[in-house]
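Here is the structure we will look at.
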Amino acid sequence: MRMSRLVGARYKERPAEATLDSHAYLLRGGYARQVANGIYSLLPPALRVARKIEQIIREEMNRIGGQEVLMPVVLPKELWEESGRYAAVGSELVRFNDRTGHGMVLGMTHEEAVVHLCRNEIKSHTQLPFMVYQIQTKFRDEPRSRGGLIRVREFTMKDAYSFHANQADLEVFYRECYRAYQRIFARAGLPQVVAVESDTGMMGGKVAHEFILLTDAGEDTIVICEETGYMANLEVAQGHIQAYPEPPKPLEKVHTPNCSSIEEVASFLGILPRQTAKVVFYDQDSDGKLVMAIIRGDREVNEAKLARIIRALPQPASEERIRSVGAEPGFASPMGLDLDKIHLVVDHTVRESNNLVTGANERDYHYRNFNLDRDVPGVETVDIVKVQQGDFSADGKGVLKLKRGIEVGNIFQLGDKYTRAMGMSYTDEQGKSCIPIMGCYGIGVGRLLSSTMEVYHDEHGPIWPITIAPWQVHLNAIKMDAPGVRETAESLYDQLNQAGVEVLFDDRDARPGVQFADADLLGIPFRLIVSERNVKSHVVELKYRATGQSENIAVDTAVQTVKKVIENARQSIESVADQY
RNA sequence: CGGGGCGUAGCGCAGUCCGGUUUAGCGCGCCUGCUUUGGGAGCAGGAGGUCCGGGGUUCGAAUCCCCGCGCCCCGACCA
């Protein structure tokens with residue numbers, strides 16, 4: 001490719017809307033242009049990176065037996081009604097009518113489509129297991145996109161779906177896919193991507209992992225224990241919360257005027273927040289009951305954990321709703337309430353504490369010395385606590401740290417949610433009709449591209465790993481009209497192309513500074529610089545984007561040298577992947 | 001959906017409070033010419049604007065008022 005012909009301007013100045021470095025370079029380097037909120041066009045450099053990422057994904061999916069298919073972006077609403085998600089999913093699912101008034105949706109994920117595809121093709125246990133995948137455009141009408149390609153409404157995703165006769169078989173394949181993912185990220189130059197335990201959300205199923213690239217630019221919070229190797233998304237992370245047991249004391253009602261928050265009560269009574277029990281109301285559980293969540297006063301409720309227990313999205317309850325069960329907002333506790341009317345969810349930290357201060361369900365009054373097992377006997381406690389930096393790991397052997405990360409992939413064990421709802425079945429060895437179980441496995445291509453930029457850049461631009469770089473070599477001709485420069489550069493360009501090296505040739509008559517700055521923005525790992533002084537001494541300069549180091553190599557053997565350097569770089573990345 | 005910020009040339013911005021010397025300006029970029037050529041050159045000339053849109057106030061609106069729209073950030077949400 002000749003740079004004089006390359007579509008896409010590069011800017012010297014950082015675009016105002018970019019807060020992330022990767023977003024700024026995406027625009028400055030001529031990689032992508034925004035069309036609307038969360039909707040982008042890709043220019044050649046970005047598309048080339050995306051294609052390389054896709055190819056790595058393809059190779060690794062094929063290696064574990066995946067078969068590539070292509071399903072439609074536009075799907076009839078009936079499919080989503082079959083699974084129940086037409087009603088369950090909110091406005092992220094784009095719904096519209098075709099010209100005949102028939103309801104359609106834009107596919108945001110393809111469980112329905114893949115079951116539709118496979119239920120007519122798979123009839124026998126002999127055909128199981130199998131996995132199909134596609135690399136395709138998804139549209140999710142996100143309430144809030146951000147950070148360039150990190151979080152967008154339209155994006156390219158690899159989504160894979162596996163079908164199995166039983167859970168054990170799914171688990172075997174799940175491990176294989178897990179390994180394939182580790183290989184994919186390593187081959188893309190990001191071996192630091194880690195798998196963490198994650199929430200299954202509304203996907204259903206029990207086991208799920210997210211593949212996370214740790215970076216402050218990320219929007220997920222990851223809990224890590226270096227001592228034990230534990231890693232989990234904050235949404236599901238468990239910890240061991242330090243308890244402070246003491247002998248129970250008699251219950252005592254105290255006047256606490258205008259103390260409706262934990263901070264006010266604690267400071268009024270001269271105690272610590274952890275010596276209180278905090279009550280948080282949510283409207284409502286899956287049966288429509290008011291939810292009363294109780295946690296130690298110094299702690300926050302983890303609403304993702306709570307959502308799984310109440311099987312509904314926790315929404316704050318109104319004061320009227322709280323009063324309707326006899327509780328007093330700001331002074332609430334389960335004491336004296338009809339527990340059949342509410343869904344009581346008590347965290348373990350409350351059972352493990354003694355003599356807590358809690359509400360008296362009467363304005364301006366609290367109880368001292370609340371002890372769960374004595375005062376509200378028979379309550380089962382659960383884990384709804386949001387872990388914090390510094391908590392012990394669940395096994396007590398280490399300390400938890402919180403870090404930010406970007407979710408670049410995920411894998412789920414789905415179970416039979418979709419196959420059962422959509423009537424997919426096969427005949428087993430005994431001639432009995434059975435429902436297959438599924439796994440699903442996603443990777444966001446554009447997000448991976450952006451994330452790579454986010455972790456591999458300097459103050460001049462991105463630094464691409466050789467395996468996904470838009471081109472392998474950036475060829476600069478300094479002062480084209482000087483004796484021998486054009487001839488040498490053109491000759492190298494031809495030789496490199498003939499040798500199968502992907503080369504971007506800066507054939508513009510631009511000043512060196514301009515050429516080098518543009519080259520930095522394109523982030524190609526190896527640079528060849530042809531100039532008058534180099535030509536005179538029959539050398540060409542080979543410069544490394546990552547380190548800035550350079551060496552002069554002989555023009556005559558430059559192509560072989562470059563091929564070797566590329567191959568070495570590729571090998572060193574692949575060898576990391578081969579450890580998985 | 002809640003909170004905050006912003007919208008003036010391809011990009012970065014000034015002008016907006018306090019309406020009229022602004023014919024809407026500056027830097028970068030772009031075009032032409034000459035010079036220059038190892039880290040974003042110099043000189044000269046030039047092109048490029050629905051000042052986000054629609055109403056209104058006024059002799060006069062980028063500027064004031066009303067109603068929209070869009071973008072960014074934080075939060076909620078994220079199948």
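Taking atom CG of A:Asp509 as the reference point, atom P of B:C30 lies 13 Å away to the nearest angstrom. B:U35 atom C1' lies 11 Å from atom CZ of A:Arg511, rounded to whole Å. Protein atom CG of A:Leu528 is 15 Å distant from nucleotide atom C1' of B:G38, rounded to whole Å.
Checked against A:Tyr441 for a side-chain contact (heavy atoms from CB on, under 4.5 Å), the options A:Tyr133, A:Phe173, A:Tyr161 give a single hit: A:Phe173.
Separation of the C1' atoms belonging to B:U36 and B:A24 is 34 Å when rounded to the nearest angstrom. Taking atom P on both B:G19 and B:A62, the two are 14 Å apart, rounded to the nearest angstrom. Taking atom C1' in both B:C77 and B:G40, the straight-line distance is 43 Å, to the nearest Å. Comparing the P positions of B:U32 and B:A47 gives an interatomic distance of 15 Å, to the nearest angstrom. Comparing B:G15 with B:U22, their C1' atoms are spaced 9 Å from each other, to the whole Å. Only the P atoms considered, B:C73 is 14 Å distant from B:G12, to the nearest whole Å. If you take atom P in B:C52 and the same atom in B:U63, they sit 8 Å apart, rounded to whole Å. Nucleotides B:G42 and B:G54 are separated by 47 Å at their C1' atoms, to the nearest Å.
For the pair A:Arg28 and A:Tyr25, the cation-pi test (distance below 6.0 Å, angle within 45°) is failed.
Side-chain contact of A:Arg545 with A:Tyr456: a donor-acceptor pair under 3.5 Å is absent, judged by distance alone. When only modelled atom types and interatomic distance are considered, A:Gln167 and A:Gln413 share a side-chain donor-acceptor pair under 3.5 Å.
Note on A:Arg146: only backbone sugar-phosphate atoms sit closer than 4.0 angstrom, heavy atoms only; bases stay farther off. Residue A:Ala16 is in sugar-phosphate contact alone, with no base atom involved, counting any heavy-atom pair closer than 4.0 Å across all strands shown. As judged by a 4.0 angstrom heavy-atom cut-off over every strand, A:Asp518 is placed among the base-contacting residues. A:Asn534 comes within contact range of at least one nucleobase, with a heavy-atom separation under 4.0 Å. Note on A:Pro15: only backbone sugar-phosphate atoms sit closer than 4.0 angstrom, heavy atoms only; bases stay farther off. Contact annotation for A:Lys543: base contact, defined as any heavy-atom pair under 4.0 Å involving a base atom.
Out of B:G39, B:G29, B:C78, the shortest distance to the side chain of A:Arg151 is found at B:C78. Here B:G39 is the nucleotide among B:C74, B:G39, B:C11 with the atom lying nearest to any side-chain atom of A:Pro512. With B:C72, B:C74, B:U37 as the candidates, the nucleotide lying closest to the side chain of A:Asn37 is B:C72.
Close to B:C72, at under 4.0 Å from its OP1 or OP2, lies a side-chain N or O of A:Gln34. The phosphate of B:G38 has neither OP1 nor OP2 within less than 4.0 Å of any side-chain N or O from A:Ser531.
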How far apart are the C-alpha atoms of A:Lys401 and A:Gln389, what are their side-chain angles, what is the distance that settles it, and do they pass the side-chain contact (heavy atoms from CB on, under 4.5 Å) test?
-> CA-CA 5 Å; A:Lys401 285 186 178 169; A:Gln389 176 109 0; 4.1 Å; yes
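If you check distances only, the side chain of A:Arg14 never reaches the base of B:G12 with a donor-acceptor pair under 3.5 Å. A:Gln515 contributes no side-chain N or O that forms a donor-acceptor pair with the base of B:G39 under 3.5 Å.
Between A:Leu521 and A:Tyr11 there is no side-chain heavy-atom pair separated by less than 4.5 Å.
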